[in-house]
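Below: the structure, in structure tokens.
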Amino acid sequence: MKPIEQSFSVAYTYKLHFTERLFDSNNPLFATIFDGYKKGKRIKLLFVIDDGVSTNHPNLLDDIRTYCSAYPKHIQHTESIVLAGGEECKNNYESVERVLQGINEQHIDRHSFVVGVGGGALIDMVGYAASIAHRGVKLIRIPTTVLSQNDSAVGVKNSFNIFDKKNFLGTFAPPYAIINDAGFLRTLEQRDWISGIAEAVKVALIKDADFFYFLEKNAEKLKERLLEPMQYVIYKCAEMHMHHIAQGGDPFESGSSRPLDFGHWAAHRLEHMSNYALRHGEAVAKGIALDVTYSSLSGLITEVTRTRILQVLLEVGFDLQIPVETDEKIEDLLVGIQEFQEHLGGELCITLITAIGEKHDVNSIDKGVMKNAVTALNEFCQATQL
Ligand code: NAD
């Protein structure tokens with residue numbers, strides 16, 4: 001018998017919206033976002049909120065309730081769930097269970113929506129739970145940190161950590177929409193304000209020299225929390241990530257090349273080694289600094305270019321030291337290369353750069369040179385502190 005072949009494709013479209021005072025009843029954006037989905041039908045919503053956001057925005061839950069009652073024809077509010085934010089919610093399966101429980105108890109079906117409000121970790125976890133309930137409940141993401149607004153929440157991936165490995169569980173499930181409200185950013189701790197800048201430096205280094213020069217020119221202003229340059233950085237970085245996902249030819253990452261993970265093999269391992277005391281963006285800044293140093297020791301970029309890149313990261317406020325004081329710890333860090341390969345599958349493929357704005361994939365890493373890169377980077381950091 002001949003095999004029966006079938007083939008179909010599914011088109012995905014979603015928007016990233018920008019606003020302020022999202023849950024002010026005079027702002028129709030949130031209520032009308034569902035118009036394109038089922039005009040005239042009332043949509044049931046389950047909000048899952050990061051406790052770091054609800055603590056710093058104490059009126060948020062009331063505002064959401066009031067907002068939903070102001071648009072009774074559009075949306076129906078159910079009891080919100082508040083969960084501990086940060087990496088803890090991606091490490092503790094109870095948080096996934098709480099979301100699944102809420103979906104079950106509030107009868108959220110595939111025509112209803114889960115709305116995640118929080119940092120990248122909470123958004124990853126909520127997206128994961130929503131994507132496995134009923135084989136996929138629709139999701140709105142409302143990211144509240146710089147990193148989630150400019151990178152993590154604008155893509156198609158949802159995840160949860162197990163076996164001491166970042167994002168071991170996860171799904172590719174695009175959201176229905178994402179809404180960035182700049183008002184949330186005002187309450188971020190300084191470390192969470194700068195964290196997302198690491199992802200902007202990353203995408204600039206692999207794709208867009210002009211964007212890197214903007215970051216270089218505005219590093220001080222960004223550190224000082226000027227909202228205007230930060231809003232540009234968020235917009236540009238999110239746009240570049242979304243463009244790569246849609247136009248890069250591999251939205252669900254079937255291949256082995258993942259340029260958006262420049263600097264990430266070390267970052268993920270360092271996050272784990274620090275027991276998640278390091279924020280993702282802080283670890284990415286170290287990972288970029290290390291791979292840029294490796295690129296320089298391998299002759300791919302000049303020493304001048306390396307120093308220029310490290311200076312920008314330092315000026316924004318990152319600590320670039322790689323915390324591996326012993327040979328054992330360096331070996332532990334290098335395990336990250338193999339883990340990275342396993343996570344992607346297939347041949348090892350690490351993105352480096354040959355110039356600012358020019359990515360370059362390699363299929364092997366010389367561990368001796370990488371160890372030298374760790375030493376050279378730590379020496380550089382010590383020298384700049386003097
Ligand atoms: P985070 O989610 O860990 O949040 C950091 C802290 O900020 C938490 O304590 C949180 O409660 C608090 N917080 C959030 N919003 C706040 C606000 N407005 N005011 C005050 N405090 C607030 O950190 P993050 O940098 O947003 O996200 C990192 C996560 O994103 C990591 O788990 C990383 O793996 C993931 N990520 C995912 C993707 C993806 O494609 N899915 C891409 C990059 C990163």
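Here the structure is a predicted model, which means the values were calculated and not measured. If you read the sequence from its start, that first residue is 1, and numbering goes on from there. Note that ligands are numbered from 1 as they come in the structure, with each ligand's atoms numbered from 1 the same way.
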Suppose I only count heavy atoms of D151 and a 4.0 Å limit; which atoms of ligand 1 are within that range? 42 (C), 43 (C)

Around atom NE2 of H243, are there more than 12 heavy atoms of other residues, nucleotides or ligands at under 6.0 Å? no

Just to be sure I read this right, does ligand 1 sit under 4.0 Å from the backbone of E189, its side chain, both, or neither, counting only heavy atoms? neither

Shortest reach to atom 25 (O) of ligand 1 by a heavy atom, considering only D51, T55, L147, I49: L147

Going by the order shown, which atoms of ligand 1 are within less than 4.0 Å of some heavy atom of T144? 14 (C), 15 (N), 16 (C), 17 (C), 18 (N)

At a non-hydrogen distance cut-off of under 4.0 Å, which region of N158 contacts ligand 1 (side chain, backbone, both, or neither)? neither

Heavy atom to atom 37 (C) of ligand 1, shortest distance: which of V146, I123, D124 holds it? D124

Cation-pi check, R141 onto Y14 ring (under 6.0 Å, within 45° of axis): no

Take the angle between the ring planes of F113 and Y37 and call it parallel below 30°, perpendicular above 60°, tilted in between. perpendicular

Q338 atom CD, over 12 foreign heavy atoms within 6.0 Å: no

Short version for S152: what comes under 4.0 Å of ligand 1, heavy atoms counted, is both

Looking only at heavy atoms, is any part of K157 under 4.0 Å from ligand 1, and if so is it the side chain, the backbone, or both, or is it neither? both

